[in-house]
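Contents: one structure, followed by commentary.
Each chain gets a letter, A, B and so on, in the order the sequences are listed, and its residues count up from 1.
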Amino acid sequence: MDIHRNRSIFTFMLTAMVLGFVFWTHDTTAQPLGTFGFGGRSAGMAGAGVELINDFDAVYLSPSTMVYGKSSVGVGFMWGVNAMRFRLSPRPSGYDVPGPQPEQARTQSGSFKYPAGLMVGGSTGFGLDWLRLGVLAYIPLGGFGKEYTYYADERERFFSNTLHYQLLEDQLSGMWIIVGMAFKVLPYLSLGGGMAFIPSTSADSLLYMPNAADDSTREINLRSKTKLATAAIASITVSLLHQRLRLGGYFRDQLCMRIQGATSGWMAGTNKLYPINQPVDFVTSYSPRQVGVSAAMRLKRVRASLDISWQQWSRYLDNHDKRAGFHDTVNASLGAEVPLGKAWVVRTGVGYRQSPVPEQTGRTNFVDNDMLAIAVGGQYSFNWLKQTLQIQIFFQFQGALRRSNTKKVPKQGAPACGPGVTDLCDESPSTPGLQTGNPGFPGYSSGGWLIVSGIEVIARF
Amino acid sequence: MRYTVCVLLILALFGCGPGTPPKGNFPSLRPDALVDASGDVADSGPDTTVKGTMHPDGTWLFWNETPSCINALNTRIEGISWGLSLAWPVMLPDKRISWVIHGCRFSQAPLFGVKTVIPDHFAESSPDRIFDMTATPAPKGNACAQGTVLKQDAPSVQLWGVKMADPMHDPLPTSADDPRVWDMDGDGHPGGTIWAEGPNGKKICELWIVHRTVSQWTVTVKNAILLEGGGTNASEQNFVYASGGICASKSKVDFMDNLNRAVFLRIDGKDGAPNLDRNHDGKVTCDELRAADLGKWIKPSSPDDNKCNKK
């Protein structure tokens, strides 16, 4: 490969990245943890390359690999385009619920936002080649601190009156901080561990109503605390064949952001001390427990990686802290990178991400799809102030495998809507027949695509 | 590399869209229901596809809902009455609109399981009303533009089964022998004839009534085919004969003017409106109006006794 061709490849990737930026509207993408592969190198291989990466990005991917690389410090930026869509089936007549109707007409699009994000991190061994400490942070930009919760069933008709890409939105809206360390226990064995943090909130509202007959006069106090939710990360890496083959495994515990508290109210003229007591318990930014295995092989001109992970979505908690009946998933990605001379590396990869959401035949309307990913990336290294600088760029396309969901009524008839009911339910049991305003009734289809691109600058020393 | 780009583009443009949504397992239960452009039938929420200025011509419907609190059996319960009429607007000088209202159906929510039946021929025999409305405040431009508020100039009076020199203020007759009482519905009995039915659909008792309604409505032009609002709609009633039972009882009624609702909806198919002229004879009749599923535009309320028992 001559230098002109190398430059052409780099120019192509830079162009792709710029195109991604041009298409970036307010619906852009970022938080890559587990969705796109973390960092410029893994994302450029569609999530593969876990055992190849030894800079601070490994704090999330597999901390134990950090001991195979130099200390690092860097910053990255990611953005993208969201074209995930759903289409609602036309409602048949005769199923409307008597009584007050929603102000908002049923719409064919959700409020899915996809903010851009910033990554910063570093790793160091303090001069010891058997030890590395690392830290990294992902900071969503456009939607920093934004947490929206939804009803996944017929109750949502009185609010947005539509469906939402709730899982994806949840995963992509939170801020993450991760710290980790790695030890080289034996020349061919290293162990790593870490902890991931995301903010959680506790808020109690204290309501004072001086006149029970006049609810227009209310005074309120707030007691709010911001806490941290934590999840453990652990990994092991075995290096064989003179470091040409690396085998590893990792574990990441589940993590979610909780917003908890209660609204307690005192009302003059009533016998009870606190007649108003409304508990609040929201769950967002859910990331499932994950176990993964990875193998990376360094051949003469190619470095290849195969990564398979299992994600325990069966424990998923919806926005109101209830199990949603999801199933566990298996994701896989295959990537390779090729050095072109001393300065350039190009990489590519393909991946498959399985949706944990079963067909939504009942009450809920989670929208999610299996995704196929194709990625390309590149790296340019050069010396600056006696340090090695790496510029990583990547461009990843995820195409959704289209699916449709058709509502069904159990043979014994639709049950009355209420807590614990999972079947398509009747909102007016006293009226003959089924009455439902469920926004996903009588069915819907979903599909679309995502494009994410990014740049990361890392100094190695 | 060019092949990768091609594959990406093909996938993006053709392969990954949501596709056609499923038809679903639920057939439409009302074949005459009105279907909007999106294919939804009687869907929840107002029609947001029609915009713009209304044209004061053609055929409309007028629907009103009047909730009240009824004091009966030592408790207070909510009663709701509804009116469904044909309406024809004309533009008057000074940017005023005059509506001719022709009754097609009057109905009431059941009370304690007992339903008051007002026959459709009773509604159609009731005298037509005139609502003269003025844009308030006076608009600089079109009086029918979206957002314009139209207020009825003066209260209108409707009498059932009685003719009086001063319809607004004369006391209602209490006897069938009163010469002002007349057989409005042509059934051979003085006044208008209505009856009560039990939960099993059997007639419990019958009464011949004289009735006065005084109303004054204010509506806002929502779009080219829809005006919505509220107003006052107080009524009083005497019976000149009751066959007994619950029909002979009288209850004190408190009206809740702030909850009254009024809707004008264009129904002749123009300006994006639904067309209720099912037989295509060029006019909409009361039969066609009563047969239509209006659930997409009009959502009647359900009685809620808590409204009447707030302290």
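- Annotation for A:Ser89 and B:Pro21: closest pair OG-CB, 3.5 Å, computed over non-hydrogen atoms.
- Of the possible donor and acceptor atoms, one in the side chain of A:Arg402 sits under 3.5 Å from a partner among the backbone N and O of B:Gly17.
- Closest non-hydrogen pair, B:Gly24 versus A:Thr406, comes out as CA-CG2, 3.9 Å.
- In this structure, chain B has a heavy atom under 4.5 Å from the backbone of A:Asn405, while its side chain stays farther away.
- Residues A:Lys407 and B:Asn25 fail the side-chain proximity criterion, which asks for heavy atoms closer than 4.5 Å.
- For A:Phe441, the ring-ring contact (aromatic ring centres under 6.0 Å, His included) partners two or more places apart in sequence, or in a different chain, are A:Tyr95, B:Phe26.
- With sequence neighbours left out, the side-chain hydrogen bond (donor to acceptor under 3.5 Å, both in side chains) criterion links A:Tyr352 to A:Asp370.
- No donor-acceptor pair under 3.5 Å is formed between the side chain of A:Ser446 and the backbone N or O of B:Pro18.
- Under a cut-off of 6.0 angstrom, the local environment of NZ in B:Lys203 is crowded, with over 12 non-hydrogen atoms contributed by other residues, nucleotides or ligands.
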